[in-house]
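Take a look at the structure below.
Numbering of ligands and ligand atoms starts at 1, following listing order.
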Amino acid sequence: MTARGGRGDPVRLVLVGAAGRMGRAVAEAAAADPAFRIEALVDQAAGTGPGRWTTDAGEGISPGSVVIEFSAPAASVQVAGLCAERGAALVSGTTGLTGEQEGRLRAAAARAPVLRAANFSLGVVALRRALAAALAALPGWDVEIVERHHRRKADSPSGTALALARQALAARGWDEQALRHGRHGHLGPRPDAEVGVHALRGGGLVGDHTVVLAGAGEWLELRHVAQDRGAFAHGALAAARFVADAPAGLYTLEDVVTPPAG
Ligand code: NAD
């Protein structure tokens, strides 16, 4: 027996934001995998599809269950508190949280396993590793990030773009002041200590991130395209399996995927 039930037992899932685009993708992927059993589907909006639907985020969260939430920042904070109180684990993918709200998720991780990721696709984990190598190999090159998403996305830039930008800032030793969100007006030459971030919105694009590293006479582009939400859903389920057996603590998708070679 592990702390969260016997190995081989299905992982008991509570999906928060279950009526949304991501919630539906996770429900579909989980329903197709016998390693999971969906205990409750939580949403403030009316849900469609089979299962036990509720508007009460507390319903179904019990010791040993795993909550997967793709919803809204206030709900992320609420379910993190419930998981900490009740001994459940949390996989959290909502973006656009304030620093204070992120702090409350970190506080919950003192009492429950919490895995946060701005992007649950495994390809983005590989992109971040490739970016680390490129930044180290190309000191002094300019870094710009272009992200594209569907027209209904609420927060800009995307959480993934911010994570990539912060990775570049950390590698270069610059603080958040060096972030440049779009450009407009007579700004003069680009400062060296700057990471540009540009958000495009339109149509139904699921998620597209390009990091451009520009040097003298050449540039390099690292690009990831999420073609459908199944990319994030499968990463979220891998994360759910991981936290189901993990002690309290704050985790990222890096903890789930195979460590880099070497
Ligand atoms: P969506 O608007 O389609 O769905 C969100 C759902 O959450 C809605 O059904 C809404 O009714 C529900 N909701 C909001 N507040 C709630 C509350 N307090 N209680 C219960 N339900 C509540 O949005 P989406 O495209 O599914 O994205 C949801 C979040 O996940 C966004 O922040 C988005 O940026 C993020 N996201 C993250 C990843 C990732 O890999 N980390 C991938 C895609 C989307």
Mode of [X] contact toward ligand 1 - side chain, backbone, both, neither (heavy atoms, under 4.0 Å):
X      : answer
Ala154 : neither
Phe232 : side chain
Lys153 : side chain
Ala117 : backbone

Could [X] and [Y] be called an ion pair, given the rule that one side-chain N must be under 4.0 Å from one carboxylate O?
X      : Y      : answer
Glu147 : Lys153 : no
Glu254 : Arg128 : no
Arg172 : Asp142 : no

Going by distance alone, is a donor N or O of one side chain under 3.5 Å from an acceptor N or O of the other, for [X] and [Y]?
X      : Y      : value
Glu144 : His198 : yes
Ser158 : His209 : yes
Arg116 : Thr252 : no
Arg86  : Ser65  : no
Glu69  : Ser71  : yes

Who's the nearest protein heavy-atom neighbour of [atom], and how far?
atom                    : result
atom 4 (O) of ligand 1  : Gly20 CA, 3.2 Å
atom 11 (O) of ligand 1 : Asp43 OD1, 2.5 Å
atom 40 (O) of ligand 1 : Phe120 N, 2.8 Å
atom 30 (O) of ligand 1 : Phe70 CD2, 3.7 Å
atom 21 (N) of ligand 1 : Gln44 N, 3.2 Å
atom 18 (N) of ligand 1 : Ala75 CB, 3.5 Å
atom 36 (N) of ligand 1 : Gly93 O, 3.8 Å

Would you give me the side-chain donor-acceptor pairs under 3.5 Å for residues 214-224, sequence neighbours excluded?
residue, atom, partner, partner atom, Å
Arg223, NE, Asp208, OD1, 3.1
Arg223, NE, Asp208, OD2, 3.4
Arg223, NH2, Asp208, OD2, 2.5
His224, NE2, Ser121, OG, 3.3

Original post:
Among Val114, Val66, Val256, which one satisfies side chain to side chain contact (heavy atoms under 4.5 Å, CB included) with Val243?
Top reply: Val66

Below 3.5 Å, N or O to N or O, backbone or side chain included: is there any such pair between [X] and ligand 1?
X     : answer
Met22 : yes
Thr95 : yes
Val42 : no

Check each atom of ligand 1 against the heavy atoms of [X] and keep those under 4.0 Å away; list them by number with element.
X      : answer
Ala72  : 14 (C), 15 (N)
Thr94  : 30 (O), 32 (O)
Ala118 : 39 (C), 40 (O), 41 (N)
Ala45  : 11 (O)
Asn119 : 39 (C), 40 (O), 41 (N)

Original post:
Under a heavy-atom criterion of less than 4.0 Å, does Ala74 contact ligand 1?
Top reply: no

Original post:
Of the listed options (Ser71, Gly17, Ala18, Gly23), which comes nearest to atom 28 (C) of ligand 1 when hydrogens are ignored and any heavy atom counts?
Top reply: Ser71

Original post:
If you measure from atom 1 (P) of ligand 1 to every heavy atom of Arg229, Arg116, Arg21, which option wins on shortest distance?
Top reply: Arg21

**OP:** Carefully, step by step, assess Arg104 and Ser76 under the rule side chain to side chain donor-acceptor pair (under 3.5 Å).
**Re:** CA-CA 9 Å; Arg104 292 179 61 185; Ser76 313; over 6 Å; no

**OP:** Evaluate the salt bridge (Lys or Arg N to Asp or Glu O under 4.0 Å) criterion for residues Glu176 and Arg166: first the C-alpha distance (whole Å), next the side-chain angles of each, then the deciding distance (0.1 Å), finally the verdict.
**Re:** CA-CA 8 Å; Glu176 296 262 327; Arg166 288 184 176 131; 2.6 Å; yes

Original post:
Should we say atom CZ of Arg152 is surrounded by more than 12 heavy atoms from elsewhere, each under 6.0 Å from it?
Top reply: no

